[in-house]
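In the text below, chain A, chain B and the rest are named by the order of the sequence lines, each starting its count at 1.
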Amino acid sequence: MNSSNSDHSTVCPGCGHSWEDARRTTFLGCSRCWDTFREPLRQVLREFQGTVATQNVPGLREQLVHRSRTDLERGLREALEREDYAEALRLRDILNSGDLA
Amino acid sequence: MIPPWLQDLPGIILASRVRAARNLEGVPFRGVLPPMAARDFCDRIRGTWFGGSFQESLDETGSDLAERADHLRVPSDILETGSPWLALRSGSRGMIVLQSDHFRIWAVRSGLDLLGSLEDLAEIEPSLASLGDLARDPEWGWRTASPEDVGTGLRASVLVHAPALWLARRVSTLTDGLEALGGRLTSPWHGEELGSMLIVSNRATLGSTELEIAARVGAWAARISQEEDRAANDLVEHWGNELRDSVHRSDALLASARLLSPSELAQRAAIACLGARLGWLPASRARDAIELLMVTRPGTLRARRSAEIPEGHPGLDDLRASETRRLWGREPR
C-alpha cells in the first residue's frame with residue numbers, strides 16, 4: 001500500500017489502526033477501516049486491482065441459479081428445435097420446479 | 001497424505017480450487033485481534049461447526065502440523081507465526097479461520113471444474129451469516145483485511161502439472177503473458193520458485209463476478225494445458241532419443257537412489273511424469289511422480305525426523321531418497 005495521500009493522524013475508531021499501520025503491514029485493522037481510509041484506499045485499489053469499479057452484483061448462489069436457469073432455457077430451445085419432446089418436457093419440469101440451486 | 005482430488009491417472013490439469021474471504025462486522029482482523037481474543041474466536045467457530053459441517057480440525061497447537069497442514073490447506077506462512085488460527089475441513093471443502101481474514105472458505109474438485117467448486121462454496125457460504133453480520137461495502141462488495149481481496153474476495157486457482165513447459169524453460173513466458181492478462185502463475189508451495197507444478201489464478205478480485213473470474217481462470221488453465229502438449233511435442237520432435245533416454249534413466253534412478261536433493265528429485269519426477277504421458281513408462285507413473293513431489297516436501301520429511309534440520313540441508317537427502325524408493329518400488333499399473 002503505497003498511497004501516502006492521507007492524514008497521518010487519522011485513526012480508525014473501530015480498531016485504533018492508523019493509515020501508517022496499514023501501509024506498514026499491508027493489512028487493515030477491521031472492516032471500519034474501509035470507511036476511515038476511503039480515499040487512500042481508492043488509490044490503492046487502482047494499483048492492486050486495476051479498477052475502483054462498483055461491485056454491485058448478486059450473491060454467489062443467485063449467480064449460480066441464474067446460470068442454471070439460462071443453461072436450461074437454452075437446452076429447452078435446442079431440444080424443441082430438434083423435436084426431442086421427451087427431453088424438452090424433462091427440462092421444462094426442472095425449470096417449473098424452481099429448484100435450480 | 002495424498003489429497004482425494006488427485007485422480008488415479010491425472011492429466012495436465014490436476015485440480016480446481018476456489019476460496020472466498022469473508023469477515024464479520026465489529027471484530028478486528030487477525031493483525032489487531034489480541035491473542036486471547038483470537039483464541040476465543042477460534043474456539044467459538046470450532047464449537048459452532050466442528051462435528052457438524054466439518055469433521056476435521058487443526059490449529060496451531062496440533063502435534064502433527066507439518067503433515068496435516070497441506071491436507072487441510074493451511075498455508076505455510078501462518079504455521080509458525082504463533083498466533084491462533086483454526087482450519088476445518090470436510091471432504092473437499094473447508095475453512096481457515098484467522099488467516100488474515102476471519103474466514104477463508106474453500107472448495108476443491110478434481111480436474112478443471114471451477115464451476116463445480118463454486119457450487120460447493122455456495123453451499124458453505126450462507127452458514128457464515130449465523131455468526132453475525134458479514135462486512136460488506138456499499139461500493140466495493142466484501143470487505144477484506146487486504147485490498148488485494150476486496151470485492152468478490154475470490155481467488156480461483158487451477159493446479160497444473162506441466163513438466164514439458166518447465167523442462168523446455170517456457171514457464172517464464174507464460175508468467176509474463178498471464179501478468180498482462182490479470183492472472184498469475186505461482187508455485188503451489190508458498191514462496192518457492194516455479195517448478196513443474198504450477199498454480200494459475202486471478203489477481204484482481206474487484207470489478208468482475210465470481211462466475212466471470214472462474215471462467216477467465218479456467219480459460220487460462222486450458223491454454224496452459226495446450227501449451228504443455230505443444231512443448232511435449234517439440235521436445236519429442238527435436239530431442240526424442242535424448243528425452244527417451246532421460247526418461248528411463250530417471251525411472252531407474254528414482255527406484256534406486258540413496259541420496260536425492262530437492263532439485264534432482266524435482267527434475268527426475270518431471271521427466272518420469274512426462275515419459276508416462278508419452279507412453280514410454282506405465283501410465284500410473286504420472287500419478288506416482290506427482291505424489292512423489294507432494295510427499296517429499298521438506299516440512300513433511302522434517303516432521304518424520306526428530307532432529308532439527310533446516311530446509312535445504314543435505315541431512316534430508318537420504319530420507320527423501322528412501323521415500324522415493326518406497327513409492328517408486330510400487331508395482332506400476
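Looking at A:Arg38, the atoms closer than 4.5 Å to chain B (heavy atoms on both sides) sit in the backbone and in the side chain alike. Heavy-atom distances place both the backbone and the side chain of A:Asp35 under 4.5 Å from chain B. Proximity to chain A is limited to the backbone of B:Asp149, based on heavy atoms less than 4.5 angstrom apart.
Distance alone, capped at 3.5 Å, is enough to place a donor-acceptor pair between the A:Trp34 side chain and the B:Thr144 backbone.
Side-chain contact between A:Phe27 and B:Phe29: absent, with no pair of heavy atoms (C-beta onward) separated by less than 4.5 Å.
Separation of atoms CG (B:Leu115) and CZ (A:Arg67) is listed at 4.5 Å; rounding is to 0.5 Å. Separating the CZ atom in B:Arg203 from the CD atom in A:Gln49 is a distance of 9.5 Å, to the nearest 0.5 Å. Rounded to the nearest 0.5 Å, atoms CZ (A:Arg61) and CG (B:Leu118) are 12.5 Å apart. To the nearest 0.5 Å, atom CZ of residue B:Arg136 and atom OG of residue A:Ser31 are 13.0 Å apart.
Summarising the geometry of A:Val52 relative to B:Glu139, their closest heavy-atom pair is O-OE2, 4.5 Å, with the distance given to 0.1 Å.
When the candidates B:Ala20, B:Ser208, B:Gly26, B:Pro138 are compared by the number of heavy-atom contacts under 4.5 Å with chain A, B:Ser208 comes out ahead.
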Full working for side-chain contact (heavy atoms from CB on, under 4.5 Å) between B:Thr152 and A:Leu60: CA-CA 9 Å; B:Thr152 55; A:Leu60 179 54; over 6 Å; no
